[in-house]
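Read through the structure below, which is laid out as structure tokens, and then see the notes.
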Amino acid sequence: MSFRDRVVVITGASSGIGRALALRLSQEGCKLGLIARRGDLLRQVANAIELIHGQCAIASADVSDRRALRAAMQQIRQQLGPIDCLIANAGVGTPTLIDPMNIEDIETMVRVNFLGVVYSIEAVLPDMLARRQGHIAAVSSLAGFQGLPG
């Protein structure tokens with residue numbers, strides 16, 4: 001599949017894997033929609049893409065906030081057009097403590113790492129189904145396959 005002129009949305013695009021994917025896909029000629037919580041870092045990624053004459057739109061949103069994420073996806077659609085590919089990449093990780101249990105951290109991981117993917121898919125799937133085209137990819141952690149100490 002050629003990515004040239006395709007609209008690809010990446011969540012968690014401000015750092016790590018999301019940032020690396022954004023920079024690489026911009027070299028393929030994608031129109032990139034970049035979503036992340038940290039607007040300052042997101043702007044840095046956009047600036048790097050624009051320096052190599054890539055095209056992107058940014059929207060700050062926390063993927064665990066369903067309404068904010070839907071608004072971010074709509075903002076990107078308005079700027080770039082229909083979304084051809086979603087890369088649900090946003091994720092957080094915190095060691096899980098036993099005594100005392102860090103319930104708030106665990107709840108945050110579930111909201112971001114699970115519900116964030118569900119909300120991301122919800123925001124793009126109806127349009128993809130109506131157009132009968134589109135691709136969805138989700139990045140996951142090795143911790144999803146086997147528990148790790150801590």
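Counting begins at 1 with the first residue of the sequence.
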Quiz item: Is the backbone of P95 close enough, under 3.5 Å, to the side chain of N102 for a donor and an acceptor to pair up by distance?
Solution: yes
Quiz prompt | Q133: partners by side-chain hydrogen bond (donor to acceptor under 3.5 Å, both in side chains), with sequence neighbours left out | solution = none
Quiz item: Closest approach of H135 and M128, non-hydrogen atoms and distance?
Solution: O-CE, 3.5 Å
Quiz item: Would you say L97 and I106 are hydrophobically clustered, going by side-chain heavy atoms of ILVMFWY under 4.5 Å?
Solution: no
Quiz item: Does any non-hydrogen side-chain atom of D127 lie less than 4.5 Å from one of I83?
Solution: no
Self-check item: Rounded distance [0.5 Å steps], CD in Q79 versus CD in Q74
Solution: 10.5 Å
Practice problem: Run the salt-bridge test on D84 and R131 with the 4.0 Å N-O cut-off and return the result as yes or no. | Solution: yes
Practice problem: Search all heavy atoms of A61 against all heavy atoms of A72 and return the closest pair with its distance. | Solution: CB-CB, 3.8 Å
Quiz item: Any side-chain heavy-atom pair from Y119 and V63 closer than 4.5 angstrom?
Solution: no
Quiz item: Should I87 and C85 count as side-chain neighbours, where that means a heavy-atom distance under 4.5 Å?
Solution: yes
Self-check item: Cluster link I103 to V110, ILVMFWY, side chain under 4.5 Å
Solution: no
Quiz prompt | Non-hydrogen atoms of A59 and L42 that approach each other most closely | solution = O-CD2, 3.6 Å
Quiz prompt | Shared hydrophobic cluster, L21 / F3 (ILVMFWY, side-chain heavy atoms < 4.5 Å) | solution = yes
Sequence neighbours left out, cut at 3.5 Å: what donor-acceptor pairs do the side chains of residues 43-58 make with other protein atoms?
unit_1	atom_1	unit_2	atom_2	d
R43	NH1	N47	OD1	3.1
N47	ND2	R43	O	3.4

Quiz item: Side-chain heavy atoms under 4.5 angstrom apart, residues restricted to Ile, Leu, Val, Met, Phe, Trp, Tyr: same cluster for L125 and V139?
Solution: no
Can I get a per-line list of side-chain donor-acceptor pairs under 3.5 Å for residues 28-38, giving both atom names and the distance, sequence neighbours left out?
unit_1	atom_1	unit_2	atom_2	d
E28	OE2	R24	NH1	2.9
E28	OE2	R24	NH2	3.1
R38	NH2	S14	OG	3.3
R38	NH2	S15	OG	2.7

Practice problem: Compare every heavy atom of S120 with every heavy atom of A88, then report the nearest pair and how far apart it is. | Solution: CB-CB, 4.3 Å
Quiz item: Do the side chains of D65 and L69 get nearer than 4.5 Å, heavy atoms only?
Solution: no
Quiz item: Atom CG in L23, atom CZ in R19: separation rounded to 0.5 Å?
Solution: 5.0 Å
Quiz prompt | Check: I10 main-chain N/O paired with N89 side-chain donor or acceptor under 3.5 Å | solution = no
Self-check item: Minimum heavy-atom distance E122-P126, with the two atoms named
Solution: O-CD, 3.2 Å
Quiz prompt | Heavy-atom neighbours of I98 CD1 exceed 12 at 6.0 Å | solution = no
Quiz item: If you take all heavy atoms of R77 and P82, which pair is closest and at what distance?
Solution: CG-CA, 4.3 Å
Exercise. Decide yes or no for L86 and M73: does some side-chain heavy atom of the first lie under 4.5 Å from some side-chain heavy atom of the second?
Key: yes
Quiz item: Judged by atom type as modelled, is there a donor-acceptor pair below 3.5 Å linking the side chain of D62 to the main-chain atoms of A68?
Solution: no
Quiz item: Is there side-chain contact between R66 and L115, with at least one heavy-atom pair below 4.5 Å?
Solution: no
Quiz prompt | Neighbour count above 12 (heavy atom, 6.0 Å) for I17 CD1 | solution = no
